[in-house]
Amino acid sequence: MIENKNIVLCVTGSIAAYKSIYLASSLVKENANVQVIMTEAALEFVGEASFSGITHNPVITGYYDRKSKLGIDHIDIAKKADLIVVAPATANSIAKIALGISSEPIVGTILASKAPVLIAPAMDGDMYNSTQVQNNLKVLENLSVKISGPEKGRLASGIEEFGRMTEPDKLLSEIEKIFSKKKDYNNIKAIVTAGGTIEEIDPVRFISNKSSGKMGIAIAEALRDRGAKVTLIHGNLSDNSIIGVEKISIKSAEDMTNEIQNRVNYFDLIIMSAAVADYKIKNKFNQKIKKEDISHLELERNPDILKSIDGSKIIKVGFAAETENLIENAKKKLSTKDCKLIVANDITLPGSGFGSDENKATLVHNKGCEDLPLMKKSELAHKILDKTKSFIK
Ligand code: CTP
């Protein structure tokens with residue numbers, strides 16, 4: 001997959017720089033053409049000769065590098081690049097990339113290139129959690145820079161925290177994934193729902209649920225990356241920064257129903273990952289209820305949105321978040337809601353479910369069940385799309 005690809009490996013000044021020698025070697029073994037750029041700080045941790053020996057290319061260490069035979073190094077490299085990887089990426093380099101401070105060739109190359117950028121942060125845990133680093137990472141995410149890790153583990157300081165650079169083998173597989181990304185959803189118009197809906201009791205109080213919307217966002221991103229035109233209809237989200245999709249914010253299940261019904265005839269696919277409130281308050285109070293005046297609430301059923309959509313006109317994918325009888329309940333939902341696929345997940349499993357970045361799911365469809373291991377929601381999103389694709393003519 002990465003054979004003959006021009007990969008620029010940017011190494012910055014972190015103790016994790018030694019891992020990038022292994023990464024360079026793995027890339028070369030896969031027949032990629034690897035061009036390394038190092039900062040002065042990186043040279044304090046690992047030697048230039050290790051990289052030039054492995055890649056058979058001179059290492060760029062500064063704008064005024066006299067050894068290079070290229071015209072203007074960072075421009076030549078930028079134009080040829082198929083991918084730029086910054087590993088390890090220090091807090092300093094992340095800030096410079098976010099702000100476009102091109103005082104050394106790594107940022108210069110990134111600015112002058114149209115290639116995708118993947119960064120692997122590595123630093124102390126508190127540095128990583130600092131507002132400045134988190135803000136800079138958000139900026140990079142908005143610029144569609146892919147961020148891998150950091151992972152939790154023992155840091156150079158001896159503490160166990162998030163800050164370890166993603167291991168080279170994992171980075172290699174993420175790089176391969178970038179090149180293998182199919183555009184198999186070109187010309188597909190998809191509605192994705194995400195997050196929890198809310199049902200107001202009075203102007204102050206409401207009923208809602210624990211959904212963070214992370215799974216729906218991961219699906220919307222994966223669809224976008226695979227070429228689909230995506231409309232994301234969402235309730236409460238823990239992170240609303242997704243770009244490249246149409247976003248429609250709603251509050252109640254009724255709002256979501258209306259937004260979907262207005263569009264459903266013009267779309268090919270709907271993936272309902274939203275946690276829709278099953279009940280609303282029968283007579284919503286227009287004024288704040290005084291606590292003495294409330295002894296019980298009368299509820300009435302909300303429409304089942306997924307069930308109400310005609311499955312002969314659009315591909316329907318639903319979710320089943322369960323605490324017991326996972327497969328049995330998911331199969332019931334597959335048939336009563338007339339879906340092609342139900343993504344079933346047991347929300348009681350550790351590391352899985354609401355708010356988590358990972359999920360463990362079983363794909364339930366007419367031909368059987370596929371039990372998947374615990375994985376990142378972004379990875380699961382692609383698995384769901386791989387399966388869904390088989391239902392699209
Ligand atoms: N769903 C929907 N409209 C509702 C409730 C749920 O469209 N009023 C969708 C969800 O988005 C999900 C699927 O139906 O894709 C299953 O939702 P879930 O909450 O697991 O099941 P329910 O149908 O609400 O049944 P129960 O709560 O009894 O498990």
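As the structure lists them, so they are numbered: ligands from 1, and atoms in each ligand from 1. Each residue takes its place number in the sequence, starting with 1.
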- Query: Are any of the side-chain heavy atoms of D357 and K377 separated by less than 4.5 Å?
  - Reply: no
- Distance only, no hydrogens: is a donor on one side chain within 3.5 Å (strictly under) of an acceptor on the other, for N33 and N57? yes
- Are any non-hydrogen side-chain atoms of K333 and E322 less than 4.5 angstrom apart? yes
Please list, one pair per line, the donor and acceptor atoms closer than 3.5 Å that link side chains of residues 137-145 to other protein atoms, with sequence neighbours excluded.
none

- Message: Heavy-atom count check: over 12 atoms from other residues, nucleotides or ligands less than 6.0 Å from N286 CG?
- Response: no
- Message: Less than 3.5 Å apart, any donor N or O on the side chain of E104 or T39 sitting next to an acceptor on the other?
- Response: no
- Message: Distance under 4.0 Å, heavy atoms only, partner ligand 1: which residues pass?
- Response: M272, A274, V276, D278, P303, D304, I305, L306, G318, F319, A320, A321, K333, K337
